[in-house]
Amino acid sequence: SEGKGLGREEQGLRTALSVNKQGDIVAGGGGRSPAAAATAAAHQQQQQQQQQQQQQQQASNKRGLVLGPGEKMTKVVLLQNMVGPGGVDDDLEGEITEECAKYGVVVRCTIFEVRQPDTPEEEAVRIFVRFAKEDHAMKAVLDLNGRFFGGRNVRASFFDERKFQRLELAP
């Protein structure tokens, strides 16, 4: 006996099926309007960004690091409460660069003293360390956050790379 065609009327397939990147089966293999294609591309880009953020969050959680809402890993680490106001000396930048080199390549170390009188003492000196790679910065945050330095409890967190490049260093 001979087989029958697909479909309610047994008409068979008129166009080939294809699979797009989202895994959807699409009849006709293309033929989208430019608006539909743009919408699909934007949706795909959004999904990729969400997936990347989830992967970063999962990777950081595996290492005991919890990122706050809207916070993401970067190559720049902000260290606070290492020294108090007026505690910056000529050796501090070199000492921090040397200490942080054990986590990876330090590209730059910048010390910024906040001059606003109402700034809490623990936030008055902001030390920024830019690493060559995000995972180097992550190691530094994991090891330095909560550590005591000169009797002070250090706070280490990631800092926005664009703000660092524009030298927007104040709180």
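A donor-acceptor contact closer than 3.5 angstrom links the side chains of Thr110 and Arg108. Residues Asn81 and Arg155 bring no donor and acceptor atom of their side chains to less than 3.5 Å of each other.
Nearest heavy atoms, Met82 versus Phe149: O-CD2, 3.3 Å. Contact record, Val106 with Ala101: CG2-N, 3.8 Å, taken as the closest heavy-atom pair.
Taking CG of Leu92 as the start and CD of Glu99 as the end, the distance is 11.5 Å to the nearest 0.5 Å. Atom CD1 of residue Ile96 and atom CD1 of residue Ile127 lie 3.5 Å apart, to the nearest 0.5 angstrom. Atom CG of residue Asn145 and atom CD of residue Gln80 lie 10.0 Å apart, to the nearest 0.5 angstrom. If you take CG on Leu79 and OG on Ser157, they are separated by 8.0 Å, rounding to the nearest 0.5 Å. Summarising the geometry, atom NZ belonging to Lys75 is positioned 12.5 Å from atom CZ belonging to Phe131; distances are rounded to the nearest 0.5 Å. Glu122 CD to Asn153 CG: the interatomic distance, rounded to the nearest 0.5 Å, is 10.5 Å.
At a threshold of 4.5 Å between non-hydrogen side-chain atoms, the residues Glu113 and Val88 count as touching.
Under a cut-off of 6.0 angstrom, the local environment of CD in Glu98 is sparse, with at most 12 non-hydrogen atoms contributed by other residues, nucleotides or ligands. Around NZ of Lys102, the count of heavy atoms belonging to other residues, nucleotides or ligands within 6.0 Å exceeds 12. Summarising the local packing, CZ of Arg162 is surrounded by 12 or fewer heavy atoms from other residues, nucleotides or ligands at distances under 6.0 Å.
Residue Phe128 is found in a hydrophobic cluster whose other members, listed by chain and number, are Val76, Leu78, Phe112, Val114, Phe159, Phe164, Leu167, Leu169; membership requires side-chain heavy atoms under 4.5 Å apart, directly or through intermediates.
Lys139 has no carboxylate O lying under 4.0 Å from a charged side-chain N of Asp143, or vice versa, which leaves the two without a salt bridge.
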